[in-house]
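In what follows, a single structure is set out as structure tokens and then discussed.
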Amino acid sequence: MTDAPLIVPASASSASSDGQDELLAGLNPQQLEAVTYRGSALLIVAGAGSGKTSVLTRRIALLLREREAWPSQILAITFTNKAAGEMRERVAGLVGDVARGMWISTFHSACVRILRREAEQFGFTKSFTIYDSGDSRALIKRLVKEHEADAYGFTPGAVQSRISKLKNELTDAEGYARQANMSDPAERKFVDIFGDYQRALQKANAFDFDDLIAQTVFLFRAFPKVADTYRRRFRHVLVDEYQDTNHAQYSLIHELTRPPSTDSAPEPYASNGMMIFEPAPEAEPDAPMTGASLTVVGDSDQSIYAFRGADIRNISEFERDFPGARVVLLEQNYRSTQNILSAANAVIGNNFDRKAKNLWSDRGAGDRIVGFTGYSQHDEAQFVADEVESLRRSGIPYSEMAVFYRTNSQSRALEEIFIRSAVPYKIMGGTKFYERAEIKDALAYLVAVANPADEMAVRRILNKPRRGIGDVTETSIARFAVDAGISFRDALRSPGALGVGPKIQAAIARLDAVLDEASAILLPPSGEVPPATSVAEGLTVLLNKSGYFETLRASRDPQDEARLENLDEFIAVARDFARNNPDGSIVDFLTEVALVSDADDLDDESGTVSLMTMHTAKGLEYDAVFVTGVEEDLIPHRISAGEPGGPQEERRLFYVGLTRARKRLHLSLAMTRAQFGEVTVAMPSRFLQEIPAELIDWRQSPGDVNSRGRQSAAVNGRPGFQKYGGQGASTGRDRFGVQALPKRDSLKPLSTAMDRFPNKVTGKVRDNGDLELTAGDRIRHDDFGEGRIEAVTGEGAKRIAHVRFDTAGQKKLLIKIAPISKL
DNA sequence: GTTTTGTCCCTTTTT
DNA sequence: GGGACAAAAC
């Protein structure tokens with residue numbers, strides 16, 4: 001354990017004012033230095049939970065309060081939009097309204113802002129579309145087909161990831177072609193596809209995710225004057241989660257923090273006439289301007305995006321890249337109890353190529369980590385659900401609990417059991433809202449209006465809803481467009497010229513009219529700026545008059561009902577947007593929607609447990625955390641084994657998961673796991689063995705199953721549940737400090753004795769219709785045996801029975817689907 | 001042109 | 001055990 005150094009660094013800034021005292025209050029010496037150090041470059045190595053967000057916000061606040069910088073001179077980059085919003089709020093909380101002019105955003109949002117301003121410089125318009133991975137995959141798929149590249153073993157996915165990797169390395173299509181081995185036919189194919197892909201994007205007036213960064217760097221390099229504008233403007237650049245930056249992002253930072261070229265005159269206006277910076281407070285007209293001061297915050301132990309091109313060297317070689325850089329280490333953890341930290345430290349200590357770092361906490365040992373081994377993933381999920389309920393009863397709100405897993409597909413079993421057990425939950429990510437087909441359709445309608453050059457979008461809505469425009473017609477439209485030298489969208493204006501039947505002509509004319517009608521609302525020809533509410537209005541017009549809504553309403557597919565609800569929600573999003581951005585345009589709306597991420601959905605909606613992948617969990621913290629599926633081939637994931645650095649990255653990912661917990665940490669696994677229909681036997685993850693045994697309190701350990709396991713024999717039912725979910729928890733005096741079982745044997749393979757595992761919760765559901773139950777009734781449950789109803793709450797399909805089972809403890813059940821019968 | 005059936009993958013992680 | 005996609009049936 002590290003001792004806190006007692007040296008207080010000399011504050012670099014001038015005599016402290018009252019405001020400064022307030023900003024510096026409660027900081028430890030290292031944090032204080034991180035906040036007050038002034039120099040060209042500062043690296044803050046911030047271990048998990050070491051208060052880096054607080055340091056970053058105070059650093060910004062101090063710059064503002066001490067008048068060292070105008071808000072407009074600050075650029076802060078965060079990993080998610082949500083983090084950006086929070087940081088903005090916290091800075092505003094410290095210094096008030098001044099915070100307004102700052103750029104606090106993600107790399108992608110910041111680049112979009114720059115690109116929209118400068119788009120005309122290189123052949124795009126301000127209203128360019130942003131292609132998400134789905135869009136670009138669709139485009140690549142078409143190209144792969146056109147080039148018959150599958151003969152060379154190219155799959156769309158492989159091509160996409162290769163292009164993405166190249167772009168993250170700032171290699172563009174021409175650059176790649178120049179150095180490619182053109183004697184290899186497969187290589188030639190790839191070069192062609194890459195080139196066509198880039199041309200298609202340009203033609204569609206669109207950027208993909210990687211382009212947003214890479215093209216901004218190219219822009220800066222090709223137009224030094226443009227770059228200078230931003231270099232003069234941003235005097236303080238701060239980057240969070242620096243360990244997860246890729247080469248393109250690193251280069252962007254490098255470009256931005258370079259001194260402006262001395263020969264170009266300061267230009268407070270961007271090429272389009274927009275004023276982009278206020279004159280510096282103390283302008284020194286003759287002195288050459290230095291580069292912006294750079295502050296980066298990161299923790300190489302939490303680098304988990306190498307697969308996306310993140311380069312850990314960006315952080316490990318920071319001092320080489322930015323000579324004279326100061327490095328500050330934050331090692332005191334203010335988040336977790338020592339037991340949790342010790343486990344995390346032990347795990348991460350197994351990564352050999354890292355700089356030693358020891359997080360410590362003064363919050364006391366805390367509870368031991370709870371371990372549980374289920375028979376199946378359902379069993380594991382039931383443990384989580386029961387434990388969630390027990391924690392809830394002990395006073396932790398649902399919103400302070402989170403369940404993590406390695407892969408999105410693992411969420412299904414958890415979800416099933418949570419629904420059954422009436423545990424309110426929310427899934428972060430998974431099939432994301434904006435990736436649902438109906439939402440993508442609605443977006444395509446909007447894009448077709450906002451950026452008619454985007455042929456993909458127009459094609460997408462051509463026959464949605466079905467209006468009899470099939471492949472054949474689509475091809476004739478495309479051919480006509482090419483022949484006439486007009487866009488695909490404009491070809492829809494002359495249905496008569498397409499050589500298709502009258503019915504189809506009429507359908508095309510109707511679609512054309514709908515798009516025009518919406519266009520009149522969203523982009524009035526008069527040139528006046530429509531109110532932000534026009535987005536929702538235009539969207540409603542599009543969905544109504546295109547017949548999209550009508551078709552869904554007429555359908556008797558139950559899924560279409562859900563689609564309608566999603567679209568209603570989407571319109572609500574548009575209304576919300578108008579409320580928050582009174583001056584927002586349709587392009588702004590589309591930008592915002594394109595750049596939202598999983599983590600951004602995390603409303604502070606109290607009262608639901610959050611389910612998410614460990615990746616999504618980065619940067620978040622909860623009182624109680626469940627890390628599930630702690631098995632070989634899952635974490636570390638099977639695929640990572642073959643990748644260089646793979647297992648180490650998996651270990652960091654696991655470490656990130658562990659360190660999210662403040663007070664309660666649960667590790668669970670299943671002995672068997674069904675993967676695409678097939679049941680496979682699972683092994684405990686190697687990472688479990690890396691945690692000192694005395695830190696884990698196994699409610700049901702992998703060893704229990706194989707060895708004599710007194711607890712298994714104890715009850716002829718479900719020992720695990722009984723033991724913790726039953727008496728102990730229900731009395732309310734619960735867990736804090738209570739020492740439980742003696743520690744179990746170390747981990748062993750789970751291969752045998754599955755039948756000795758008595759506790760098998762299944763994913764079974766049953767439709768009980770409107771089974772009437774009241775307090776006092778006795779029931780029988782397929783998995784839990786007999787019990788007594790203590791209360792019934794909720795209404796209709798959401799009626800919940802609160803049951804005390806004779807052997808399985810206290811549970812909530814959703815009556816409609818629980819496999820129960822009244823006795 | 002649309003609907004239904006059948007086959008083949010699949011599962012890392014995401015801005 | 002399901003979703004995407006293609007072939008076959010309407």
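Scope of the values below: all heavy atoms of this structure, side chains included, with no hydrogens, waters or symmetry mates.
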When rounded to whole Å, the CG to P distance for the pair D132(A) and dT15(B) reads 11 Å
From CE of M614(A) across to P of dT13(B) the rounded distance in Å is 11 Å
Just checking R412(A): does its CZ atom have more than 12 heavy atoms from other residues, nucleotides or ligands closer to it than 6.0 angstrom? no
Under the rule of Watson-Crick or G-U wobble with both distances under 3.5 Å, where | means paired to another strand and [ ] a crossing pair, DNA chain B maps to ||||||||||.....
Taken to the nearest whole Å, CD/Q249(A) to P/dT15(B) is 12 Å
Going by an N to O cut-off under 4.0 Å, is there a salt bridge joining D633(A) and R638(A)?
yes
Over-ring placement of K618(A) relative to F79(A), 6.0 Å and 45° cut-offs: yes
When rounded to whole Å, the CD1 to P distance for the pair I304(A) and dT15(B) reads 11 Å
| request: Flag this pair as yes if the NZ/CZ of R308(A) is under 6.0 angstrom from the six-membered ring centre of Y305(A) and inside a 45 degree cone about the axis; otherwise no. | output: yes
Looking at T616(A), I'd like to know whether one of its side-chain N or O atoms comes within less than 4.0 Å of OP1 or OP2 on dT14(B).
yes
Atom CD of E435(A) and atom C1' of dT14(B) are separated, to the nearest Å, by 9 Å
Tell me whether Y305(A) and dT14(B) count as stacked here, given that the ring centres must be under 5.5 Å apart and the planes must differ by less than 30 degrees. no
From CD1 of I427(A) across to P of dT14(B) the rounded distance in Å is 13 Å
ask   = Is R116(A) close enough and on-axis enough to F128(A), meaning under 6.0 Å and within 45°, for cation-pi?
value = yes
The nucleotide from dT15(B), dT12(B), dT13(B) with an atom nearest the side chain of I639(A) is dT12(B)
note: I213(A), atom CD1; dT14(B), atom P; distance rounded to Å ~ 18 Å
(message) Taking the basic N atoms (NZ, or NE/NH1/NH2) and the acidic carboxylate oxygens, is any pair closer than 4.0 Å for D783(A) and R420(A)?
(response) yes
| message | Looking only at the aromatic ring of each residue, does the gap between the centers of F307(A) and H637(A) stay below 6.0 angstrom? | response | no
- N168(A) side-chain N/O to dT15(B) phosphate OP1/OP2 under 4.0 Å: no
Checklist line | ring pair (Phe, Tyr, Trp, His ring centres under 6.0 Å) evaluation trace for Y405(A) with F626(A) | finding: CA-CA 9 Å; Y405(A) 35 81; F626(A) 296 81; over 10 Å; no
Under a 4.0 Å heavy-atom criterion, the protein footprint on nucleotides 1-10 of chain C, written with B, S and -, is BS--SS----
Per-nt protein contacts along nucleotides 1-9 of chain B (heavy atom under 4.0 Å; B base, S backbone sugar-phosphate only, - none) come out as SSS------
Quiz item: With respect to the phosphate group of dT12(B), does any side-chain polar atom (N or O) of S409(A) fall under 4.0 Å of OP1 or OP2?
Solution: no
- Task: Inspect the contact between E690(A) and R651(A) and indicate whether a charged nitrogen and a carboxylate oxygen are less than 4.0 angstrom apart.
- Result: yes
Fill in: Carboxylate-amine/guanidinium contact E632(A) R686(A), below 4.0 Å
yes
Do H637(A) and dT12(B) have a side chain to base donor-acceptor pair shorter than 3.5 Å?
no
* To do: Look at H615(A) and dT13(B) and indicate whether a side-chain polar atom (N or O) is within less than 4.0 Å of OP1 or OP2.
  => no
Identify whether the distance between the nearest side-chain nitrogen and carboxylate oxygen of E561(A) and R553(A) falls below 4.0 Å.
no
Exercise. Anything under 30° is parallel, anything over 60° is perpendicular, the rest tilted; go ahead and classify Y425(A) against F418(A).
Key: perpendicular
E649(A) CD to dT12(B) C1', in whole Å, measures 11 Å
